[in-house]
**Q** 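One structure is given below, represented as structure tokens, and several questions about it will come after.
Counting starts at 1 for both ligands and their atoms, in listed order.
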Amino acid sequence: MAAGSRDEIPRELPRAARLARILERDGAECVWCRRPLARGHHDASLEHVVPKLKGGPAWPENEVCACRDCNRARGHTAPAAWLDACEARGLQPRRDVIVVSLLKLRAAIEQHGGQRRARPYLAGQLRRMGLS
Ligand SMILES: [Zn+2]
């Protein structure tokens, strides 16, 4: 995975601008159902890989793009479990994007500190996916 400037999305960008950059970074589609989502699409939504309820920060490392239907259907389900659920339904979710997000989030937390609630949750997800 190249660490080009393209991957560095400033946290302070407004939500709509972050979403546009995330679509450029990850591909213009829903991470779960792969439905095409062009920039400005009314169904494009910011999805937190580690749910906010579990302490997931509103950082670009923890944000991907999902369609509103998938975002709503997933709710607070853990990313590893939701990848499995999508695949069980015959979808081909972007497992690669979720893996990169989890690894980059771990690196960002190591660098910036804090995120005490997200840390053990993230470690559990990485273990579950065989990445720790
Ligand atoms: Zn979707």
Side-chain angles (χ1 to χ4, degrees):
M1 185 76 202
S5 58
R6 198 173 148 268
D7 287 325
E8 290 153 23
I9 301 174
R11 276 179 206 166
E12 62 276 13
L13 274 184
R15 194 179 170 88
R18 283 210 311 282
L19 187 55
R21 292 283 298 274
I22 286 164
L23 286 166
E24 284 174 27
R25 183 190 68 188
D26 299 339
E29 61 185 5
C30 171
V31 284
W32 307 121
C33 73
R34 310 286 294 269
R35 175 180 167 191
L37 291 173
R39 177 182 186 147
H41 194 291
H42 61 90
D43 265 341
S45 67
L46 267 187
E47 172 86 303
H48 294 86
V49 176
V50 172
K52 284 197 270 189
L53 191 74
K54 305 294 181 184
W59 295 352
E61 293 88 346
N62 191 39
E63 293 171 332
V64 294
C65 182
C67 74
R68 292 189 191 284
D69 286 347
C70 285
N71 197 327
R72 198 177 305 118
R74 179 194 166 202
H76 307 300
T77 307
W82 193 244
L83 283 170
D84 291 347
C86 289
E87 286 168 357
R89 280 161 48 213
L91 298 173
Q92 294 180 298
R94 291 291 304 276
R95 195 171 270 277
D96 59 329
V97 169
I98 300 301
V99 165
V100 167
S101 170
L102 291 169
L103 294 173
K104 288 203 162 188
L105 180 57
R106 180 171 67 181
I109 290 174
E110 279 166 10
Q111 188 184 342
H112 300 285
Q115 309 301 327
R116 286 177 183 219
R117 288 179 62 218
R119 278 173 196 256
Y121 185 90
L122 183 58
Q125 290 297 297
L126 289 165
R127 245 189 336 269
R128 177 159 174 191
M129 296 175 76
L131 296 165
S132 59

**Q** Tell me, do L83 and M129 make a side-chain contact under 4.5 Å, heavy atoms counted?
**A**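 L83 vs M129: side chains touch.
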**Q** With R95, which residues qualify under side-chain hydrogen bond (donor to acceptor under 3.5 Å, both in side chains), at least two apart?
**A** D84, E87
**Q** Kindly say whether P79 contributes a backbone atom to a donor-acceptor pair with the side chain of R128 at under 3.5 angstrom?
**A**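 Answer holds: no.
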**Q** With a cut-off of 3.5 Å and sequence neighbours excluded, list every side-chain donor-acceptor pair involving residues 32-41.
**A**
{"from": "W32", "atom 1": "NE1", "to": "E47", "atom 2": "OE2", "distance (Å)": "2.5"}
{"from": "R34", "atom 1": "NE", "to": "E29", "atom 2": "OE1", "distance (Å)": "3.2"}
{"from": "R34", "atom 1": "NE", "to": "E29", "atom 2": "OE2", "distance (Å)": "2.9"}
{"from": "R34", "atom 1": "NH1", "to": "Q92", "atom 2": "O", "distance (Å)": "2.9"}
{"from": "R35", "atom 1": "NH1", "to": "D43", "atom 2": "OD2", "distance (Å)": "3.4"}
{"from": "R35", "atom 1": "NH2", "to": "D43", "atom 2": "OD2", "distance (Å)": "2.6"}
{"from": "H41", "atom 1": "ND1", "to": "D43", "atom 2": "N", "distance (Å)": "2.9"}

**Q** More than 12 foreign heavy atoms under 6.0 Å from NE2 of H112: is that the case here?
**A**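 Yes - once you tally the heavy atoms of other residues, nucleotides and ligands closer than 6.0 Å, there are more than 12.
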**Q** Would you list the protein N, O or S atoms within less than 2.8 Å of the Zn ion (ligand 1), leaving out water?
**A** C30 SG, C33 SG, C67 SG, C70 SG
**Q** Does E63 have any side-chain hydrogen bond (donor to acceptor under 3.5 Å, both in side chains) partners at least two apart in sequence or in another chain, and if so, which?
**A** R18
